[in-house]
> 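Before anything else, here's the structure in question.
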Number of protein chains: 2
Amino acid sequence: MDDLTEMLKGTLEGCVLEIIGSEETYGYAITRRLNELGFTDVIEGTVYTILLRLERNGLVQVTKRPSGVGPPRKFYALNDAGREELAKFWTKWQYLSSRINRLKEGGR
Amino acid sequence: MDDLTEMLKGTLEGCVLEIIGSEETYGYAITRRLNELGFTDVIEGTVYTILLRLERNGLVQVTKRPSGVGPPRKFYALNDAGREELAKFWTKWQYLSSRINRLKEGGR
DNA sequence: TACCGCTATACCGTATCACCAAGTAGCGGA
DNA sequence: TCCGCTACTTGGTGATACGGTATAGCGGTA
């Protein structure tokens with residue numbers, strides 16, 4: 001699949017929220033998860049900028065834990081604001097994708 | 001619906017391509033069409049920047065015609081490169097939306 | 001010991017895009 | 001004459017994903 005960069009704008013952050021919401025996890029693992037979900041070209045740097053943004057915006061709770069196989073990991077979990085933001089994301093996605101699919105089907 | 005700006009990145013241009021592909025038309029009318037399709041907050045300025053980009057990238061054929069009710073209109077039609085780009089857009093949209101919906105359904 | 005590879009995070013710069021504001025301009029009606 | 005609708009252009013802004021580099025812990029191996 002060629003470049004999805006522009007299309008991912010605004011949706012990738014939501015995907016990261018969803019992953020964190022389903023399980024407390026950390027940046028490196030989130031990247032691997034995205035890759036296996038079909039977001040094959042997403043790299044660590046991109047995910048970390050999103051995570052720092054989520055933290056800065058107060059949507060996540062962060063816990064640092066030692067790893068045993070490398071440097072310590074920063075685990076992320078959604079707080080109430082994060083869950084609310086995630087719900088809003090899915091509402092927007094639902095809205096947008098329905099409009100676009102309607103347009104695709106000959107848009108009326 | 002609150003702000004869809006970020007989510008529209010990469011998809012709005014595709015929507016404009018689709019509209020032009022279905023009928024030769026001009027900027028002002030495209031904006032009205034998008035509005036009635038549910039992209040309620042999209043304004044003229046945004047559409048014109050997309051149209052200029054499409055022209056610059058050689059995806060459209062442009063014809064200026066007098067209007068009778070105002071300044072002349074610039075009508076846009078897809079050329080071969082534009083039709084190819086449109087096909088690519090729908091392929092990417094299909095790919096991305098299927099991955100995101102899978103993630104939404106509990107991502108496997 | 002030295003090096004490599006995997007894990008793991010941070011930071012800085014870049015490109016792209018949708019958006020916004022202001023300007024120009026044609027036309028018809030009050 | 002002014003206003004409103006139509007219609008396009010241009011310059012600047014903010015948000016986002018991405019790329020590259022740096023730092024660092026750990027285990028294996030030559």
Side-chain angles (χ1 to χ4, degrees), chain A residues 1-17 25-35 39-57 59-60 62-76 85 89 92 96 99-100, chain B residues 1-17 25-35 39-57 59-60 62-76 85 89 92 96 99-100:
Chain A
M1 176 59 48
D2 48 46
D3 196 27
L4 290 179
T5 300
E6 290 307 324
M7 253 186 215
L8 283 175
K9 292 196 178 168
T11 58
L12 192 55
E13 179 179 312
C15 293
V16 170
L17 277 173
T25 180
Y26 57 99
Y28 191 80
I30 293 170
T31 310
R32 292 292 90 77
R33 184 97 187 86
L34 285 168
N35 293 154
F39 304 91
T40 52
D41 295 340
V42 175
I43 60 177
E44 285 84 358
T46 300
V47 174
Y48 289 122
T49 56
I50 291 174
L51 291 172
L52 292 173
R53 190 162 70 233
L54 296 179
E55 190 176 355
R56 176 161 34 87
N57 294 345
L59 303 176
V60 289
V62 188
T63 314
K64 194 173 245 179
R65 299 209 187 91
S67 154
V69 298
R73 298 164 174 164
K74 282 178 71 177
F75 282 81
Y76 292 83
E85 186 66 25
F89 166 71
K92 290 205 278 187
L96 179 67
R99 308 293 141 147
I100 291 181
Chain B
M1 175 59 48
D2 47 50
D3 196 28
L4 290 178
T5 300
E6 291 308 321
M7 248 186 218
L8 283 175
K9 299 219 173 141
T11 59
L12 191 56
E13 179 179 313
C15 294
V16 170
L17 278 173
T25 181
Y26 56 99
Y28 191 81
I30 293 170
T31 308
R32 293 291 90 80
R33 183 98 186 86
L34 285 168
N35 293 154
F39 304 92
T40 53
D41 295 339
V42 175
I43 60 176
E44 284 85 0
T46 301
V47 174
Y48 289 122
T49 56
I50 291 174
L51 292 172
L52 291 173
R53 191 162 69 232
L54 295 179
E55 189 175 358
R56 178 159 35 87
N57 294 344
L59 304 176
V60 289
V62 187
T63 314
K64 194 174 247 180
R65 299 209 187 92
S67 154
V69 298
R73 298 165 174 161
K74 282 178 71 178
F75 282 81
Y76 293 82
E85 186 65 25
F89 166 72
K92 291 205 278 187
L96 180 65
R99 307 295 141 147
I100 290 181

> For A/T5, which contact category applies under a 4.0 Å heavy-atom criterion: base, sugar-phosphate, or nothing?
sugar-phosphate
> For A/I50 and for A/P71, locate the closest nucleotide of DNA chain D by heavy-atom distance; then report the residue assigned to the nucleotide nearer the 5' terminus.
A/I50
> Assuming nearest nucleotide by heavy-atom distance, tell me which of B/P72 and A/E6 is located more 5' along DNA chain D.
B/P72
> Side chain of A/K9, base of C/dT16: donor and acceptor closer than 3.5 Å?
yes
> Out of B/V42, B/I50, B/V47, which residue meets the side chain to side chain contact (heavy atoms under 4.5 Å, CB included) rule with B/I30?
B/V47
> Considering only side-chain heavy atoms of B/T49, which listed nucleotide, C/dC20, C/dA10, C/dT7, is closest?
C/dC20
> What is the separation between atom CG on B/L34 and atom C1' on C/dA18, rounded to the nearest whole Å?
12 Å
> Can a side chain N or O of B/R73 be found less than 4.0 Å away from OP1 or OP2 on D/dT6?
no
> Report yes or no: is there a donor-acceptor pair, N or O only, under 3.5 Å between the side chain of B/K74 and the base of D/dA7?
no
> Report yes or no: is the cationic atom of A/R73 (NZ for Lys, CZ for Arg) closer than 6.0 Å to the six-membered ring centre of A/F75, at no more than 45° off its axis?
no
> Among C/dC19, C/dT9, D/dT9, which nucleotide sits nearest the side chain of A/E44?
C/dT9
> Choose from D/dT16, C/dA18, D/dC8 the nucleotide whose nearest atom is closest to any side-chain atom of B/T46.
C/dA18
> Any idea which of C/dT7, C/dC11, D/dA7 is nearest the B/Y48 side chain?
D/dA7
> Counting side-chain heavy atoms from CB outward, which of D/dG14, D/dA17, C/dC19 is closest to B/L12?
C/dC19
> The side chain of B/Y76 lies closest to which of these nucleotides: D/dT9, C/dC20, C/dA18?
D/dT9
> Could you check if a side-chain atom of B/Y26 sits within less than 4.5 angstrom of a side-chain atom of B/T31, using non-hydrogen atoms only?
no
> For A/S67, answer base if it contacts any base atom (sugar-phosphate contacts may also be present), sugar-phosphate if it contacts only those atoms, and nothing otherwise; contact means non-hydrogen atoms under 4.0 Å.
sugar-phosphate
